[in-house]
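What follows is a single structure, and I will ask about it in a moment.
Quick note: residue numbers are just sequence positions, from 1. Whatever order the structure lists them in is the order used to number ligands and atoms, beginning at 1.
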Amino acid sequence: MTITITAFEKSPDGGKGLARDTRVRWALEEVGQPYQVRYLSFQAMKEPAHLALQPFGQIPTYEEGDIALFETGAIVLHIAQTYAGLLPNDNTRARSISWMFAAVNTIEPPILELVTAKIFEGDKPWANERIPLVAERIRNRLTQLSNYLGDNEWLQGAFSAGDLMMVSVLLRLRPSAILNEFPNLAAYVARGEARPAYQRAFAAQYAANNP
Ligand SMILES: N[C@@H](CCC(=O)N[C@@H](CSCc1ccc([N+](=O)[O-])cc1)C(=O)NCC(=O)O)C(=O)O
């Protein structure tokens with residue numbers, strides 16, 4: 001059955017991996033599944049045809065036969081549960097899924113707050129007061145994550161969808177220097193980026209934005 005995902009026709013970052021279709025592309029590359037991409041303009045994302053698929057007018061989405069999904073974490077979980085290669089078949093499987101949720105529910109929120117504070121609220125009179133507070137919340141979470149990861153290669157034994165989501169979330173910190181304050185997390189992210197599946201996903205998104 002053909003898999004079709006949606007992505008930005010023109011990503012604001014020029015296709016450098018920050019838009020969330022990268023996470024879905026990466027998961028599909030890890031499990032060896034070919035996929036097609038429907039590229040959408042910002043206008044098309046807000047039209048009824050796409051809103052029926054993604055109620056919030058965003059990308060990515062995932063279609064495969066009569067399956068139509070939105071929400072990146074749910075899409076990656078579906079891929080991981082449907083195709084081998086992203087979740088172990090032992091008693092650590094459920095905990096690998098916990099790490100997917102930890103990535104988007106515990107680590108990503110303060111990171112997105114920093115993005116918002118800098119990009120969308122940077123001109124507000126209180127921005128200089130707020131940004132350090134948000135940065136501290138990120139440091140607190142990264143300290144806990146760094147302590148847990150220690151010298152391990154991945155979070156829960158072999159590489160899993162939990163690592164895919166966690167590395168993808170930590171990559172959002174790339175524009176700031178915070179990640180480099182945690183050498184083991186910076187190395188963890190670099191290991192994720194070095195994976196051939198990630199490289200193929202990144203290259204595909206970049207090529208689509210830089211014809
Ligand atoms: N919770 C949803 C959120 C999806 C989402 O945020 N989609 C964004 C693109 S990925 C977020 C994103 C966008 C751009 C960059 N960038 O650096 O250019 C990085 C990340 C989108 O469609 N935005 C358009 C809109 O909301 O109208 C999910 O995880 O699937």
Side-chain angles (χ1 to χ4, degrees), residues 3-30 35-64 67-82 86 97-122 131 134 138 141 160-179 189 192-193 198 201-211:
I3 295 171
T4 303
I5 70 171
T6 51
F8 281 132
E9 187 175 69
K10 200 89 186 112
S11 182
D13 69 337
K16 296 194 182 81
L18 293 180
R20 292 179 187 205
D21 59 291
T22 308
R23 302 176 185 186
V24 177
R25 293 173 185 266
W26 186 2
L28 288 167
E29 292 288 355
E30 288 285 350
Y35 63 95
Q36 295 182 348
V37 185
R38 186 165 62 249
Y39 292 97
L40 298 176
S41 65
F42 281 99
Q43 181 191 334
M45 290 161 63
K46 309 304 180 203
E47 287 170 0
H50 186 64
L51 289 171
L53 186 54
Q54 215 286 7
F56 307 101
Q58 296 182 309
I59 58 98
T61 57
Y62 175 102
E63 294 164 278
E64 182 184 11
I67 294 173
L69 294 179
F70 66 101
E71 203 55 46
T72 305
I75 295 169
V76 172
L77 180 57
H78 169 74
I79 293 166
Q81 290 178 322
T82 307
L86 278 175
I97 294 172
S98 288
W99 280 112
M100 291 182 68
F101 282 84
V104 294
N105 279 348
T106 300
I107 302 294
E108 190 160 50
I111 294 175
L112 292 180
E113 264 201 86
L114 185 64
V115 171
T116 302
K118 284 188 170 179
I119 296 178
F120 301 109
E121 299 169 349
I131 286 172
V134 175
I138 294 174
R141 288 296 184 214
S160 78
D163 296 297
L164 186 151
M165 294 301 288
M166 189 63 79
V167 167
S168 298
V169 164
L170 294 175
L171 275 167
R172 290 300 304 270
L173 273 177
R174 187 51 55 81
S176 86
I178 295 177
L179 189 63
V189 170
E193 288 181 288
Y198 176 83
F202 183 95
Q205 189 198 69
Y206 187 82
N209 280 271
N210 299 275

| Hey, is OH on Y35 packed in by over 12 heavy atoms from elsewhere, all under 6.0 Å? | yes
| request: Classify the ring geometry between Y198 and F202 as parallel (under 30°), tilted (30 to 60°) or perpendicular (over 60°). | output: tilted
| Heavy-atom contacts under 4.0 Å between F70 and ligand 1: side chain, backbone, both, or neither? |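 Answer for F70: neither.
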| field | Heavy-atom side-chain proximity of L114 to I178 below 4.5 angstrom | value |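 Yes - at least one pair of side-chain heavy atoms lies under 4.5 Å apart.
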| said: Below 3.5 Å, N or O to N or O, backbone or side chain included: is there any such pair between R172 and ligand 1? | reply: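 No: no nitrogen or oxygen of R172 is under 3.5 Å from one in ligand 1.
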| task | Could you go through the side chain to side chain contact (heavy atoms under 4.5 Å, CB included) check for L40 and K46 one step at a time? | result | CA-CA 10 Å; L40 298 176; K46 309 304 180 203; over 6 Å; no
| said: Counting non-hydrogen protein atoms only, what is the nearest one to atom 16 (N) of ligand 1? Give residue, atom name and distance. | reply: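 Nearest protein contact, heavy atoms only, for atom 16 (N) of ligand 1 is D13 CB, 3.7 Å.
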| note | Among E108, E71, R20, closest by heavy atom to atom 10 (S) of ligand 1 is R20
| message | Donor-acceptor check, side chain of Q54 to backbone of I59, threshold 3.5 angstrom: yes or no? | response | no
| task | Among all protein heavy atoms, pick out the one at the shortest distance from atom 12 (C) of ligand 1; state its residue, atom name and that distance to 0.1 Å. | result | A19 CA, 4.1 Å
| Side-chain touch L173/V189, heavy atoms, less than 4.5 angstrom |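 No, every pair of side-chain atoms sits at 4.5 Å or beyond.
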| For atom 20 (C) of ligand 1, which protein heavy atom lies nearest, and how many Å away is it? |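 It is L18 O, 3.4 Å.
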| query | Do you know which two heavy atoms are closest between A204 and R25, and how far apart they sit? | reply |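 Smallest heavy-atom distance, with atoms named: CB-NH1, 3.5 Å.
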| query | Should Q58 be counted as touching ligand 1, given the test is an N or O pair under 3.5 Å? | reply | yes
| task | Do me a favour and list the nearest non-hydrogen protein atom to atom 23 (N) of ligand 1 with residue, atom name and distance? | result | F8 CZ, 3.7 Å
| query | For atom 8 (C) of ligand 1, which candidate among I119, I59, T6 holds the nearest heavy atom? | reply |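 Answer by nearest heavy atom: I59.
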| query | Can you tell which of M45, K46, K10 gets a heavy atom nearest to atom 27 (O) of ligand 1? | reply |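 Considering heavy atoms of M45, K46, K10, the nearest to atom 27 (O) of ligand 1 sits in K46.
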| message | Other residues, nucleotides and ligands only: do more than 12 of their heavy atoms fall within 6.0 Å of CZ on F42? | response | yes
| request: Using a strict cut-off of 4.0 Å, indicate which atoms of ligand 1 neighbour a heavy atom of P12. | output: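 By the 4.0 Å cutoff, the relevant atoms are 18 (O).
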